[in-house]
Asker: 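My questions all concern the structure below.
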Amino acid sequence: LIEPVSFHLLCGAPEGTSEHGLFREVAALAADVTQSATESDGRRGMARFIDYWNGEGAWMQTRPDVQSAFALQTTRVALDFGAVMTDPMRFEALWEIAVPTLILHGTASPRPTRRIAALVAQVLPNARLRSIEGAGHMLPLTHRGAVNAAIAEHLSRNTAARQRPAAA
């Protein structure tokens with residue numbers, strides 16, 4: 001898993017906890033994007049979205065033709081937020097997933113996704129959490145070498161474990 005955006009997992013956190021604050025942070029982003037979609041102001045919504053995930057000023061550094069393409073996606077992004085913010089799945093459902101799982105996150109990613117990655121790694125019975133230093137949310141694109149190496153190592157480790165002879 002690379003930075004799961006399972007924001008709903010933060011939803012049930014008690015008020016005043018860091019998880020509740022992180023949920024409110026993402027909820028504010030989702031509300032801004034949704035309002036922009038409702039008002040047919042895709043550029044404003046996507047500027048907020050792109051800057052949130054990629055750092056302040058990322059939108060302004062994006063080519064105008066790419067901005068226009070992103071702006072057309074605002075309604076879909078708002079619908080995606082609606083789905084991930086209200087997903088009924090809870091942490092307890094993860095206990096059943098026993099396969100070896102690698103969870104990656106960037107150290108420069110937004111706090112909500114870093115926290116979700118850590119929480120999921122704590123709950124999955126056979127998970128390893130790995131940080132990619134200096135990477136943000138787009139780590140498969142910006143840090144592909146480190147991401148690919150982590151995945152290859154994970155696959156190699158788990159293939160070797162399956163090939164070991166059973167103890168007599």
Side-chain angles (χ1 to χ4, degrees), residues 1-14 17-30 33 46 48-56 58-59 61-62 66 69-70 73 76-168:
L1 297 172
I2 300 176
E3 290 201 9
V5 291
S6 303
F7 302 123
H8 61 282
L9 295 175
L10 301 172
C11 179
T17 64
S18 65
E19 286 82 10
H20 180 77
L22 295 174
F23 180 78
R24 291 179 51 85
E25 177 180 319
V26 174
L29 172 64
V33 171
M46 291 310 287
R48 170 94 159 85
F49 181 79
I50 296 297
D51 280 356
Y52 180 82
W53 290 111
N54 299 288
E56 195 67 35
W59 176 257
Q61 294 175 15
T62 304
V66 176
F70 279 142
Q73 299 300 313
R76 185 193 54 79
V77 171
L79 291 171
D80 289 347
F81 266 124
V84 298
M85 301 295 277
T86 61
D87 188 317
M89 194 270 300
R90 295 292 173 243
F91 280 112
E92 296 79 25
L94 299 176
W95 293 338
E96 300 296 319
I97 301 173
V99 298
T101 306
L102 173 65
I103 302 167
L104 298 175
H105 73 89
T107 60
S109 293
R111 288 183 51 226
T113 53
R114 292 192 324 247
R115 184 62 182 142
I116 291 166
L119 290 170
V120 169
Q122 289 173 2
V123 174
L124 286 176
N126 197 7
R128 286 186 324 117
L129 178 64
R130 178 123 180 240
S131 301
I132 304 296
E133 189 63 38
H137 185 66
M138 301 304 291
L139 64 154
L141 300 175
T142 62
H143 291 71
R144 64 182 159 271
V147 169
N148 289 342
I151 293 170
E153 187 273 329
H154 175 74
L155 293 173
S156 177
R157 170 188 289 203
N158 289 293
T159 299
R162 282 197 317 262
Q163 292 175 349
R164 284 191 209 121

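Since this is a predicted model, take the numbers as computed values, not measurements.
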Asker: Do F49 and F70 touch side chain to side chain, with heavy atoms closer than 4.5 Å?
Answerer: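 Side chain of F49 against side chain of F70, heavy atoms only: no contact under 4.5 Å found.
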Asker: Suppose the criterion is ring pair (Phe, Tyr, Trp, His ring centres under 6.0 Å): which pairs have a residue in residues 110-159, not counting sequence neighbours?
Answerer: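 Residue pairs passing ring pair (Phe, Tyr, Trp, His ring centres under 6.0 Å), neighbours aside: W53-H137.
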Asker: So, for L104 and I132, which heavy atoms are closest and what is the spacing to 0.1 Å?
Answerer: CD2-CD1, 4.4 Å
Asker: Sequence neighbours left out, what passes side-chain contact (heavy atoms from CB on, under 4.5 Å) with A58? Give chain and number order.
Answerer: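 For A58, the residues satisfying side-chain contact (heavy atoms from CB on, under 4.5 Å) (neighbours in sequence not counted) are I50, D51, N54.
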Asker: Could you pull out all residues at least two apart from S109 that satisfy side-chain hydrogen bond (donor to acceptor under 3.5 Å, both in side chains)?
Answerer: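 Only E3 meet the side-chain hydrogen bond (donor to acceptor under 3.5 Å, both in side chains) criterion with S109.
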Asker: Give every residue pair that meets the ring pair (Phe, Tyr, Trp, His ring centres under 6.0 Å) criterion with at least one member in residues 107-128, sequence neighbours excluded.
Answerer: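 Qualifying pairs: none.
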Asker: Listing request: all ring pair (Phe, Tyr, Trp, His ring centres under 6.0 Å) pairs with a residue in residues 109-136, at least two apart in sequence or in separate chains.
Answerer: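 Pairs touching residues 109-136 that pass the test: none.
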Asker: About how many Å separate CD1 of I2 and CG of L102, when rounded to the nearest 0.5 Å?
Answerer: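 It is 8.0 Å, given to the nearest 0.5 Å.
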Asker: Name all pairs fulfilling the salt bridge (charged side-chain N to carboxylate O under 4.0 Å, His left out) condition that reach into residues 118-143, sequence neighbours left out, sorted by first residue then second.
Answerer: R128-E153
Asker: Does V120 reach the side chain of L1, with side-chain heavy atoms less than 4.5 Å apart?
Answerer: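 When only atoms from C-beta onward are counted, L1 and V120 do touch, with a gap below 4.5 Å.
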Asker: Can you list every ring pair (Phe, Tyr, Trp, His ring centres under 6.0 Å) pair that touches residues 112-136, not counting sequence neighbours?
Answerer: none
Asker: If you look only at pairs with a residue in residues 97-108, which of them pass as a salt bridge (charged side-chain N to carboxylate O under 4.0 Å, His left out), with sequence neighbours excluded?
Answerer: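 The answer is none; no pair qualifies.
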Asker: Just grab all the side-chain hydrogen bond (donor to acceptor under 3.5 Å, both in side chains) pairs involving residues 86-108, residues at least two apart or on different chains.
Answerer: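 Sorted result for residues 86-108: H105-S131.
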Asker: How far does CZ of R144 sit from CE of M138, to the nearest 0.5 angstrom?
Answerer: 12.0 Å
Asker: Which heavy-atom pair separates A98 from P125 by the least distance, and what is that distance?
Answerer: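 What the structure gives for the nearest pair is CA-CG, 4.0 Å.
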Asker: Can you check whether I103 reaches L124 side chain to side chain, under 4.5 Å on heavy atoms?
Answerer: yes
Asker: Does some side-chain heavy atom of N158 sit less than 4.5 Å from a side-chain heavy atom of V99?
Answerer: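 V99 vs N158: side chains apart.
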Asker: In residues 19-30, what donor-acceptor pairs under 3.5 Å come from side-chain atoms, sequence neighbours left out?
Answerer:
from, atom 1, to, atom 2, distance (Å)
E19, OE2, R115, NE, 2.7
E19, OE2, R115, NH2, 2.7
E25, OE2, Y52, OH, 2.7

Asker: Can you sort out the partners of A108 under side-chain contact (heavy atoms from CB on, under 4.5 Å), two or more places apart, ordered by chain and number?
Answerer: none
Asker: Taking all non-hydrogen atoms of both residues, which atom of L129 and which atom of A121 are closest, and how far apart?
Answerer: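 Smallest heavy-atom distance, with atoms named: CB-CB, 3.8 Å.
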Asker: Does the side chain of V5 come within less than 4.5 Å of I116's, by heavy atoms?
Answerer: no
